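Here's the structure we're looking at; comments come further down.
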Amino acid sequence: MSLASINGEIGPIAEARIPVTDEGLLRGDGGFEVARLYGGRPFAMEDHYVRLRRTCDGLRLEADWDALRAEIDALLEAAGPIDALLRVVLTRGGARIALIEPVPHRPAVARVATVTYAPNRVLDGLKTLSYAGNMLAGRQAKAAGFDEALFVTPHGRVLEGTTWTLFWAAGGALRTPPLSDRILASITRDRVIAETGAAEAVCTIDDLRVADEAFIASSVREVMPIAVIDEIVLPTAPGPLTRQAGEALARRIERELTAGAAAGA
């Protein structure tokens, strides 16, 4: 079921409309979040609200948070107990948008291409609508025969994917690039670190050359093994730490959803 709520009006996505003068469209000025729905239950929704508010504060964008929450609750009730994505968008033009989208199909393992990228200091830590660079990087990777794009700075620091966090393992230790490298504070990243004990560490391409395994972590993909990074073929995909991380994240998701259902009962 693909449904949309625009300022509280629920209907099919194909019929949803915002004004063409909205600066969310014209200038990419706004914030967004994407949460997974499991049987209609959003995972880590409060964390998504907190990060969206942080993004809007950073953009100096005001929003009616009570109205947004009520509209999302109504949309989830209309959608029913489905496995899907919930996309929430707030625009400079004042639109409160919530969309129910299908979970996209992904391959079992990912082939990843690196793309040179310099983070924008003004937007550090903000999940904004200014994603044209991320989307272009993904298209470039696919045009080169890969599934995903991985950002690497001009100085060789490995950062994150276009919409995901990188984890890699060597010598039995699981690592992920540090937030101090100005990557997004991913909600799934936090859960994986908490469940696996993964440590932050600076990452370079040379580190990935000697990695035993690596994986993608995101709300949409959960834990997804990486088989190839550029010309680097990883020894195992999925490796044992990737499997353990995927299993641990699945248990964490179920625990949080169960606790949330019990609290709402």
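Small disclaimer: the values here were computed from a predicted structure and weren't measured.
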Separation between [atom1] of [X] and [atom2] of [Y], rounded to the nearest 0.5 Å:
X	Y	atom1	atom2	value
Leu59	Leu126	CG	CG	5.5 Å
Leu90	Ile97	CG	CD1	8.0 Å
Leu166	Leu159	CG	CG	10.0 Å
Glu231	Ile229	CD	CD1	10.0 Å
Leu208	Cys203	CG	SG	4.0 Å
Cys56	Arg92	SG	CZ	8.5 Å

Smallest separation among heavy atoms of [X] and [Y], with atom names:
X	Y	result
Leu257	Tyr38	CD1-CB, 3.6 Å
Ala214	Leu234	CB-CD1, 3.7 Å
Arg54	Ala185	NH2-CB, 4.4 Å
Gly30	Leu61	CA-CD2, 4.1 Å
Thr128	Phe32	O-CE2, 3.1 Å
Phe215	Ala245	CZ-CB, 3.6 Å

Between the main-chain N or O of [Y] and the side-chain N or O of [X], is there a donor-acceptor pair closer than 3.5 Å?
X	Y	answer
Asp47	Ala44	no
Ser219	Arg36	no
Glu160	Phe151	no

Do you reckon [X] sits in the same ILVMFWY cluster as [Y], going by side-chain contacts under 4.5 Å, direct or chained?
X	Y	answer
Ile226	Ile205	yes
Ile193	Ile216	no
Val152	Ile232	yes
Val34	Ile253	no

Could you walk me through whether Ile13 and Leu99 pass the side chain to side chain contact (heavy atoms under 4.5 Å, CB included) test, one step at a time? CA-CA 7 Å; Ile13 279 182; Leu99 308 174; 4.2 Å; yes
Are side-chain heavy atoms of [X] and [Y] found at a separation under 4.5 Å?
X	Y	result
Val210	Asp206	no
Leu52	Lys127	no
Leu174	Trp168	no
Asp207	Val158	no
Phe167	Arg175	no
Ser2	Pro102	yes

Do the side chains of Glu33 and Arg51 get close enough for a salt bridge, i.e. N-O under 4.0 angstrom? yes
Enumerate the residue pairs fulfilling salt bridge (charged side-chain N to carboxylate O under 4.0 Å, His left out) with a member in [range], sequence neighbours excluded, ordered by first and then second residue.
range	result
residues 60-72	Glu46-Arg69, Glu71-Arg96
residues 193-203	Arg189-Glu200, Glu195-Arg252, Glu195-Arg255
residues 149-159	Arg157-Asp181

Donor-acceptor pairs under 3.5 Å, side chain of residues 106-122 to any protein atom, not counting sequence neighbours: which ones?
residue : atom : partner : partner atom : Å
Thr114  : OG1  : Asp230  : OD1          : 3.4
Thr114  : OG1  : Asp230  : OD2          : 2.5
Asn120  : OD1  : Val122  : N            : 3.0

Enumerate the residue pairs fulfilling side chain to side chain donor-acceptor pair (under 3.5 Å) with a member in residues 239-249, sequence neighbours excluded, ordered by first and then second residue. Glu213-Thr242
Any side chain to side chain donor-acceptor pair (under 3.5 Å) involving residues 7-24? Give me the pairs, sequence neighbours left out, ordered by first then second residue.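 Applying side chain to side chain donor-acceptor pair (under 3.5 Å) to every pair that reaches into residues 7-24, excluding sequence neighbours, yields Asp22-Thr91.
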Can you give the donor-acceptor pairs under 3.5 Å from side chains of residues 129-142 to other protein atoms, not counting sequence neighbours?
residue : atom : partner : partner atom : Å
Ser130  : OG   : Gly28   : O            : 3.1
Asn134  : ND2  : Thr162  : O            : 2.8
Lys142  : NZ   : Asp147  : O            : 3.0

Apply side chain to side chain contact (heavy atoms under 4.5 Å, CB included) to the pair Thr196 and Leu241, showing each step before the final yes or no. CA-CA 9 Å; Thr196 65; Leu241 295 184; over 6 Å; no
Going through the distances and angles, do Thr163 and Arg221 end up as a side-chain hydrogen bond (donor to acceptor under 3.5 Å, both in side chains)? CA-CA 10 Å; Thr163 57; Arg221 301 166 185 80; 3.0 Å; yes
Applying side-chain contact (heavy atoms from CB on, under 4.5 Å), can you list everything that pairs with Thr258, at least two apart in sequence or on another chain? Glu254
Apply the hydrophobic cluster definition, ILVMFWY joined by side-chain contacts under 4.5 Å directly or through others, and give me every member besides Ile187. none
Partners meeting salt bridge (charged side-chain N to carboxylate O under 4.0 Å, His left out) with Asp212 (sequence neighbours left out):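 Asp212 satisfies salt bridge (charged side-chain N to carboxylate O under 4.0 Å, His left out) with no other residue.
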Please list, one pair per line, the donor and acceptor atoms closer than 3.5 Å that link side chains of residues 75-88 to other protein atoms, with sequence neighbours excluded.
residue : atom : partner : partner atom : Å
Asp83   : OD1  : Gly39   : N            : 2.7
Arg87   : NE   : Glu101  : OE1          : 3.3
Arg87   : NE   : Glu101  : OE2          : 2.8
Arg87   : NH2  : Glu101  : OE1          : 3.3

Residue pairs fulfilling ring-ring contact (aromatic ring centres under 6.0 Å, His included) with at least one residue in residues 49-91, sequence neighbours excluded: none
